[in-house]
*Asks:* 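The structure's right below; bear with me while I get my questions together.
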Amino acid sequence: MGLIFAIMAGMIIGGAVVAYRLSKRWQQQVKDAEKSLQEIADQHQQEVAAARELKQKVADLQFQLNEARNEVRALQDKQ
């Protein structure tokens, strides 16, 4: 009877230890995943800002090009 009780107690304690370690490992994996997602979100925000800046530069260059074309046309019309 005592042997059966000792085996059962060992199994229960062993199961508890394994569950505790798995829980800690799972929590660490969740933290790592959250950190990775935050890094990806930060990188995405930087890319969005860079894209916005590039779009503004394109618009500025198109405006300058149109202004230059208009000046060329005006000079050609004067001749």
*Asks:* Kindly check if the number of other-residue, nucleotide or ligand heavy atoms within 6.0 Å of CG (Leu61) is above 12?
*Replies:*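 Enclosed: over 12 neighbouring heavy atoms sit under 6.0 Å from CG of Leu61.
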*Asks:* Which residues pass the side-chain hydrogen bond (donor to acceptor under 3.5 Å, both in side chains) test with Asp32, sequence neighbours left out?
*Replies:*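 Expected list: Gln28.
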*Asks:* Hey, are the side chains of Arg73 and Asn70 touching, using non-hydrogen atoms and a 4.5 Å cut-off?
*Replies:*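 Arg73 vs Asn70: side chains touch.
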*Asks:* From Arg69 CZ over to Gln76 CD, what is the distance, rounded to the nearest 0.5 angstrom?
*Replies:*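 Reported to 0.5 Å precision, the distance equals 12.0 Å.
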*Asks:* Are Ile4 and Ile13 connected in the hydrophobic side-chain network, where two residues link if heavy atoms are under 4.5 Å apart?
*Replies:*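 No; tracing contacts between hydrophobic side chains, which count when under 4.5 Å, never links both residues.
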*Asks:* Nearest 0.5 angstrom please: Trp26 CH2 to Lys31 NZ, how far?
*Replies:*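 Interatomic distance, Trp26 CH2 to Lys31 NZ, rounded to 0.5 Å: 11.0 Å.
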*Asks:* Let me know which of Gln38, Glu39, Gln45 forms a side-chain contact (heavy atoms from CB on, under 4.5 Å) with Asp42.
*Replies:*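 One option only clears the test, and that one is Gln38.
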*Asks:* To the closest 0.5 Å, what do you measure between CG (Asp60) and NZ (Lys55)?
*Replies:*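 If we round to the nearest 0.5 Å, Asp60:CG and Lys55:NZ are 14.5 Å apart.
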*Asks:* Drop me the distance from Ser36's OG to Glu34's CD, to the nearest 0.5 angstrom.
*Replies:*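 Ser36 OG to Glu34 CD: 10.0 Å, rounded to 0.5 Å.
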*Asks:* Counting neighbours of CD on Gln43 that are heavy atoms of other residues, nucleotides or ligands and sit closer than 6.0 Å, is the number greater than 12?
*Replies:*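 Not buried by this count: 12 neighbours or fewer within 6.0 Å.
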*Asks:* Any chance you could measure Leu22, atom CG, to Gln29, atom CD, to the nearest 0.5 Å?
*Replies:*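 Taking CG in Leu22 and CD in Gln29, the distance rounds to 9.5 Å.
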*Asks:* Return the NZ to CG distance between Lys35 and Leu37, rounded to the nearest 0.5 Å.
*Replies:*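 Atom-to-atom, Lys35:NZ and Leu37:CG are 12.5 Å apart.
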